[in-house]
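Computed from a predicted model, the values in this text were never measured in an experiment. Indexing begins at 1, ligand by ligand and atom by atom, following the structure's order.
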Amino acid sequence: MLDLSKYTKELIKHFSSSGNILLVCHINPDGDAIGAQLALYQYLKAQGKSVEMIAPNNLQDFLKWMDGADLINIYIRQRDKCKKLIADAGLIVMLDFNQTSRLGEAEELINSSSALKIIIDHHLEPADFNGLMISDPSKCSTSELVHELITLMNDGPFISKPYAEALYVGIITDTGNFEYGNYTSRTFRIVADLLETGIAKERILNLIYNNFSEERMRLMGFSLNERMVLIPEYQTAYIFLTRNDLAAFKYTKGDTEGFVNMPLSISRIIFSTLFIEKEGFIKISFRSKGKFPVNLFASEYFSGGGHLNASGGEYPDTLKNTVGYFKKILKENFKRFNQIG
Ligand code: 5GP
Ligand code: MN
């Protein structure tokens with residue numbers, strides 16, 4: 001585990017000496033990316049800092065209700081404003097990713113900015129980075145890491161309801177509502193503190209988990225019934241969805257969230273993959289149980305990365321060819337990956 005206290009002084013110095021702090025999360029932001037971003041925003045605003053936020057692309061509906069979410073500037077929708085925010089920033093803090101390719105269209109401008117840069121993240125295998133990298137893969141979420149850093153800087157817990165709600169969202173979404181096993185006793189102590197601030201946990205749980213459309217539910221049924229394939233000899237299952245499938249169920253962003261986890265509840269299945277046909281490429285999500293390292297599977301063969309048990313990537317080909325390539329890679333490498341664990 002990383003000794004976070006060694007960053008306290010440096011962080012206090014950077015946050016207090018920088019004008020215009022810019023907080024940036026990754027493309028297709030999840031609950032943890034937005035939770036960590038909004039929590040840090042709340043803290044820095046309470047310190048009287050000038051803070052702005054950018055997300056590379058749109059937030060999913062299940063996160064839009066969050067306090068401060070409407071203040072996040074969406075790069076692909078507000079390019080001119082975002083370019084100016086980047087140009088004016090004295091300090092850029094990047095949250096919940098460790099490769100600048102996850103900045104989408106904003107990558108080039110942020111990379112070439114002369115502002116001081118900090119990454120706060122919990123993914124494995126950070127890429128080389130020209131700035132301060134605070135990377136702790138032992139944390140269940142970037143939100144948990146942000147909270148620990150803020151508690152150190154603040155010399156005690158920072159208490160505010162929007163802050164606690166943001167952290168709670170980050171922690172429950174990145175632990176699959178405490179299902180994935182990436183949490184620790186420390187996570188529960190933090191969550192206990194968050195609940196004591198009086199956050200509306202039932203409301204939050206309903207907004208996140210019980211807020212889907214009928215079409216999404218039916219698409220889930222269709223995916224399991226018609227589009228799930230098992231490869232028992234490699235303890236693997238995959239689901240594939242074509243653009244036509246998605247259109248038939250009136251797909252909106254976020255509808256396939258969580259589908260990739262479902263095959264893992266089949267006994268003996270330890271590796272699950274979801275292929276989604278996009279325009280000109282295939283977006284892929286990987287999940288595993290135990291020690292099968294899907295981050296390596298994604299980074300070695302699908303230009304991606306992530307965590308030991310949850311990763312993603314993409315492949316620039318048709319759905320048919322991508323699935324064919326996947327099966328070939330799986331056959332050639334299953335044993336090797338299974339032995340790494
Ligand atoms: P998801 O399958 O939910 O999109 O992503 C699971 C995990 O893999 C997330 O932690 C995310 O950061 C990582 N991930 C997903 N897609 C990519 C990708 O294209 N590149 C990299 N480096 N990581 C990804
Ligand atoms: Mn995360």
Side-chain angles (χ1 to χ4, degrees), residues 24-40 55-57 59-60 62-63 94-104 107 119-129 134-148 166-180 182-183 187 208 223 238-241 253-264 271-276 278 281-288 292-316 322 326:
V24 190
C25 67
H26 60 74
I27 196 162
N28 302 324
D30 56 10
D32 184 32
I34 298 298
Q37 188 174 31
L38 292 177
L40 186 54
N57 63 349
L59 271 60
Q60 293 173 39
F62 79 96
L63 297 174
M94 299 183 241
L95 297 146
D96 199 38
F97 61 99
N98 60 22
Q99 293 168 334
T100 55
S101 59
R102 306 271 290 146
L103 285 165
E107 180 180 12
I119 283 182
I120 303 178
D121 179 54
H122 70 135
H123 290 85
L124 293 161
E125 319 221 323
D128 287 341
F129 174 62
I134 304 180
S135 160
D136 188 354
S138 77
K139 295 282 183 275
C140 74
S141 55
T142 299
S143 298
E144 180 176 329
L145 178 53
V146 161
H147 175 63
E148 301 266 28
L167 293 174
Y168 183 68
V169 168
I171 290 173
I172 61 172
T173 53
D174 252 29
T175 59
N177 208 10
F178 306 107
E179 199 186 311
Y180 301 154
N182 55 351
Y183 54 81
T187 315
I208 291 180
S223 302
Y238 67 86
I239 294 173
F240 63 97
L241 290 169
K253 210 171 158 59
D255 278 356
T256 56
E257 198 76 25
F259 286 12
V260 64
N261 295 91
M262 294 190 294
L264 288 181
F271 181 31
S272 170
T273 299
L274 173 68
F275 300 95
I276 297 185
K278 302 273 180 189
F281 73 103
I282 308 300
K283 178 70 198 160
I284 313 167
S285 287
F286 301 104
R287 297 290 186 275
S288 68
F292 192 90
V294 291
N295 59 315
L296 298 183
F297 200 89
S299 61
E300 283 185 31
Y301 300 104
F302 293 95
S303 318
H307 309 275
L308 177 73
N309 296 127
S311 70
E314 54 187 61
Y315 198 66
T322 304
F326 168 80

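- For the pair Ile208 and Phe62, the tightest heavy-atom approach, listed with the atom from each and the gap, is CG2-CD1, 3.9 Å.
- Put simply, the side chain of Asn57 gets close to the backbone of Asn28: a donor and an acceptor are under 3.5 Å apart.
- Taking a cut-off of under 4.0 Å to the non-hydrogen atoms of Ser285, the atoms of ligand 1 that pass are 1 (P), 2 (O), 4 (O).
- Of the listed residues (Phe281, Phe302, Phe275, Tyr301), just one forms a ring-ring contact (aromatic ring centres under 6.0 Å, His included) with Tyr315, and that residue is Phe302.
- Nearest approach of Ser143 to Gly170, heavy atoms of both residues: OG-CA, 3.3 Å.
- The shortest N or O to N or O distance between Ser303 and ligand 1 is not below 3.5 Å.
- Thr173 and Asp32 share no donor-acceptor pair across their side chains, judged by distance under 3.5 Å alone.
- Closest non-hydrogen pair, Asp121 versus Ile119, comes out as CB-CG2, 3.8 Å.
- For Glu125, no heavy-atom contact with ligand 1 is shorter than 4.0 Å.
- For His26, the heavy-atom gap to ligand 1 stays at 4.0 angstrom or more.
- When distances from the Mn ion (ligand 2) to the N, O or S atoms of Asp32 are compared, OD2 comes out shortest.
- Minimum heavy-atom separation, Phe292 to Asn309: O-ND2, 4.2 Å.
- Remark: the His123 side chain and the Asn98 side chain contain no N/O donor-acceptor pair separated by less than 3.5 Å.
- Those atoms of ligand 1 that come under 4.0 Å of a heavy atom in Gln99, given as number and element, are 21 (C), 22 (N).
- Counting backbone and side-chain atoms alike, His123 contributes no N/O/S atom closer than 2.8 Å to the Mn ion (ligand 2).
- The contact set between ligand 1 and His307, taken as ligand atoms under 4.0 Å from a residue heavy atom, comprises 10 (O).
- Among protein heavy atoms, the minimum distance from atom 11 (C) of ligand 1 is reached at Arg102 NH2, 3.4 Å.
- Atom 16 (N) of ligand 1 has Lys283 NZ, 2.9 Å as its closest protein atom, hydrogens excluded (heavy atom only).
- Between atom CG of residue Leu241 and atom CZ of residue Phe259 there is a gap of 7.0 Å, rounded to the nearest 0.5 Å.
- Nearest N, O or S atom of Asp96 to the Mn ion (ligand 2): atom OD1.
- Remark: minimum distance from atom 15 (C) of ligand 1 to any protein heavy atom is reached at Gly312 CA, 3.4 Å.
- Protein heavy atom closest to atom 20 (N) of ligand 1, with residue, atom name and distance, is Gly304 CA, 3.5 Å.
- When each atom of ligand 1 is checked for a heavy atom of Ala310 under 4.0 Å away, the hits are 7 (C), 8 (O).
- A donor and an acceptor atom, one from each side chain of His122 and Asp174, are located under 3.5 Å apart.
- Remark: minimum distance from atom 6 (C) of ligand 1 to any protein heavy atom is reached at Arg287 NH1, 3.6 Å.
- Here the protein heavy atom with the shortest distance to atom 13 (C) of ligand 1 is Gly305 O, 3.5 Å.
- Some N or O of His123 is nearer than 3.5 Å to an N or O of ligand 1, by distance alone.
- Test Leu145, Ile172, Asn182 against Cys140 for side chain to side chain contact (heavy atoms under 4.5 Å, CB included) and you get one pass: Asn182.
- Between Phe286 and ligand 1, no N or O atom pair is found at a separation short of 3.5 Å.
- Panel note: side chain Thr273, backbone Tyr238; no donor-acceptor pair is recorded below 3.5 Å.
- Put simply, Asp121 stays out of reach of the Mn ion (ligand 2), with no N, O or S atom under 2.8 Å from it.
- Here His122 contributes NE2 and Asp174 contributes OD2, and at the Mn ion (ligand 2) these two atoms make an angle of 90°, given to 10°.
- When all heavy atoms of Asn295 and Leu308 are compared, the closest pair comes out as OD1-CA, 3.6 Å.
- The proximity of Glu257 to ligand 1, defined as any non-hydrogen pair under 4.0 Å, does not occur for either the backbone or the side chain.
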